[in-house]
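Note on naming: letters A, B, ... go to the chains in the order of the sequence lines (proteins, then strands), and numbering restarts at 1 for each one.
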There are 2 protein chains.
Amino acid sequence: MKNIPESANNDEYFKSYEDLEVHELMLLDVERTTAYGNAIRQNEELFKDKIVMDIGCGTGILSVFCAQAGAKKVFAIEASNVAGICEEVVAENNLENIIDVFHGKVEDFQLPADINGVDIIVSEWMGFYLLHESMLESFLFARDNFLNKDGLLFPDTASIYTAPCQLPQMFELWEEYLGVRMTSFRQRLREQKSTKPEIVPLSAEQLLHSGELMSWIDLKTVCQEDVDNISETFFMLSESHGNFQGVCIWFECTFPSSSDQTPITLSTSPGQPATHWKQTVIVLPEISVLTVEPNEAIAYELSIKRNKSTARGYTLQLDQIDADEIDHPIPCDCIMTKCILFKAHLKKLENGQLEDDDDEELEEEQDENSENKETTLRN
Amino acid sequence: MKNIPESANNDEYFKSYEDLEVHELMLLDVERTTAYGNAIRQNEELFKDKIVMDIGCGTGILSVFCAQAGAKKVFAIEASNVAGICEEVVAENNLENIIDVFHGKVEDFQLPADINGVDIIVSEWMGFYLLHESMLESFLFARDNFLNKDGLLFPDTASIYTAPCQLPQMFELWEEYLGVRMTSFRQRLREQKSTKPEIVPLSAEQLLHSGELMSWIDLKTVCQEDVDNISETFFMLSESHGNFQGVCIWFECTFPSSSDQTPITLSTSPGQPATHWKQTVIVLPEISVLTVEPNEAIAYELSIKRNKSTARGYTLQLDQIDADEIDHPIPCDCIMTKCILFKAHLKKLENGQLEDDDDEELEEEQDENSENKETTLRN
């Protein structure tokens, strides 16, 4: 193992990775580790005789995967003292000739003089809701400083999704829990939890919508600034009857593959097998909860903004939008009268049944809709 | 809510119970909460018009159960500031006239002048491996100072069990995890974990024996000193083929019941539905692991000893005993040659087939057994 000199490894963030139970948790996340294992070992064609860099290699399992897939050289870089264990793992797999372990930050790393760049960068840098921990920055630093032109990133895309969800365990459950009313406990619990997003496992049934893309990130071209402040407005039609009690966030990553292989996706969606990332949930205040019907519109603005003071943290902000107060797409399948009217109107148009005065009425309808939550059918 | 004066509530232990997610975890432990709920509400006969004390009432759910079961008065005592939430829960269940909430330690509590004692003490005082946290002491203090003669304790018995177990996730798993040898990681992980017992969920299949009683505690009569140092030697025959890699500890509590009701048991055994206590496991050093056959003897000494310095903590100590080196019961069903011989001898005796010289040979056999791990059949 080589020590990368300079800019001391005294970061609290790296200290947290000295707890081996954190590594146990990550390794035993079979979905995570197998996704990387498959993405690497099923694509020997991509790795054969290549120079690879593994950033934040931890115990080194991804570096071993790369060597097993035929890499000529792997630079395994780990800032925490777990680098020492990585060195031992490399030895017990008899890969000392292929994997070089470096203890230090990738920002301080220098390639050997005879190597100009690496062919592939592998890293498991993702945090809760993808961006928590901000390790992406080191991944992008390595891409910009070490990756050869036409080099590959594992993973090479990342997507953040969101959907409105039901959280019965945080709401209805306490109305009468085992025969006891506990709404005051619920309220205090909610207050305690309101300062941070919840990291909880959700079932697909808890989602009111299968989810919309919040951000698609091409890791080959993205800059850190592009993901410092992601903000989107969402308009979705509820896919079931239920209570809009929170907003769920999850992510997916995809990996490059050779032409004869199906690309591997690592998904942390509620519909997929559980991972240690679980899902991230922003819980609505009780007063904001809405009961929704199938096809009822739900709207909110969600932003994920990097903190200036503690650069590894992000602030998640959710602003609910009254779906009755905003413009809906045209046509819209929701159950609001104006949208039903527009659709009927459109259908008549298609069928050539429209009479002249129908048009005027619809315009009036549209004008009034911005004030009225419920529009009434006047014909 | 009344504040109990004196001896400030500045104990770090009580501070830890100000985290409402701890209460959420306990409440959502359905096995735990339902066991208390059933033990109390299915025994209205015992609670009707009785004076009850709930020690460490937390959010107050057990106090509400008691009131629902017909208690005339419940003194709900909570040392942490969660007493304030308990007061609110009592109010939303309209039980202010029955449940009096006290913020403070039971050791500082005084009964109202017109009440001489309580008829029932309810408390969920159990920690990991029963005794962790040492809240039992407060339960016994209340019993000795406030419980009427012939009063009832909920629960009134507690039992600690132990069994040898297999821990593949801590041993075999890392021999080749997803195609990578990671025994060096395992070793370091084990070193990190060796300072404290593991609190993990075990399946019944991981047990090599269905378990033996380590300590049966009659809560009506036990003194704190009786449980300050529990130490027992165990001799068990493995019930399956497997690797003796650790020792599992769990507990059960039983509750009083009226004559027409089945007594309720709260069990934290690996064979029962999971609770938040999970199981406590002492992991053996790798060098001590034994592969055992069905009916092979396993022996160990286990002690649970209260720490003198930090009175809420206990030290668990496991000493492995070479089962070949100790006296086995007579007869013994184990697979050691001497025990097989004794059993055969006994059978002959029973069948009246014994000849004179057989006796002498067996005596010799017995003498040699303390030296020999394997005795050989000489006839």
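Contact check on A:Lys50 versus A:Glu44 returns no salt bridge, with no Lys/Arg side-chain nitrogen under 4.0 Å from an Asp/Glu carboxylate oxygen.
Side-chain contact, B:Asn43 with B:Ser257: no donor N or O sits under 3.5 Å from an acceptor N or O. If you check the side chains of B:Glu78 and B:Ser80, you find a donor sitting under 3.5 Å from an acceptor.
Using a 4.5 Å heavy-atom cut-off against chain A, the contacting residues of residues 61-73 of chain B are B:Ile61, B:Val64, B:Phe65, B:Gln68.
For a residue to count as touching a neighbouring chain, one of its non-hydrogen atoms must lie under 4.5 Å from one of that chain's; by this rule A:Gln169 touches chain B with the side chain only. Of the two parts of B:Leu95, neither the backbone nor the side chain holds a non-hydrogen atom closer than 4.5 Å to a non-hydrogen atom of chain A. Using a 4.5 Å cut-off between heavy atoms, A:Gln192 contacts chain B through its side chain alone, with no backbone atom that close. With a threshold of 4.5 angstrom between heavy atoms, A:Arg186 does not approach chain B through any atom at all.
Per-residue heavy-atom pair counts under 4.5 Å with chain B were compared for A:Arg188, A:Lys193, A:Gln187, A:Glu191, and the maximum is reached by A:Arg188. Here B:Asp19 is the residue among B:Asp19, B:Thr34, B:Val82 with the most heavy-atom pairs under 4.5 Å with chain A. Ranked by heavy-atom pairs under 4.5 Å with chain A, the list B:Leu27, B:Val30, B:Thr33 is led by B:Leu27.
Using a distance-only test at 3.5 Å, with no hydrogens or angles considered, a donor-acceptor pair links the side chain of A:Asp29 to the main chain of A:His276.
Taking the six-membered ring where the residue is Trp, the centroids of B:Tyr36 and B:Phe255 are separated by under 6.0 Å.
At most 12 non-hydrogen atoms from other residues, nucleotides or ligands lie less than 6.0 angstrom from NZ of A:Lys48.
At a threshold of 4.5 Å between non-hydrogen side-chain atoms, the residues A:Met135 and A:Ser123 count as touching.
Rounding to the nearest 0.5 Å places CZ of B:Phe128 at 11.0 Å from OG1 of B:Thr268.
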**Message:** Please evaluate residues A:Arg181 and B:Glu92 with respect to the criterion salt bridge (Lys or Arg N to Asp or Glu O under 4.0 Å), reporting the C-alpha separation (whole Å), side-chain torsions for both, the decisive distance (0.1 Å), and the verdict.
**Reply:** CA-CA 6 Å; A:Arg181 281 188 59 77; B:Glu92 69 173 309; 3.5 Å; yes
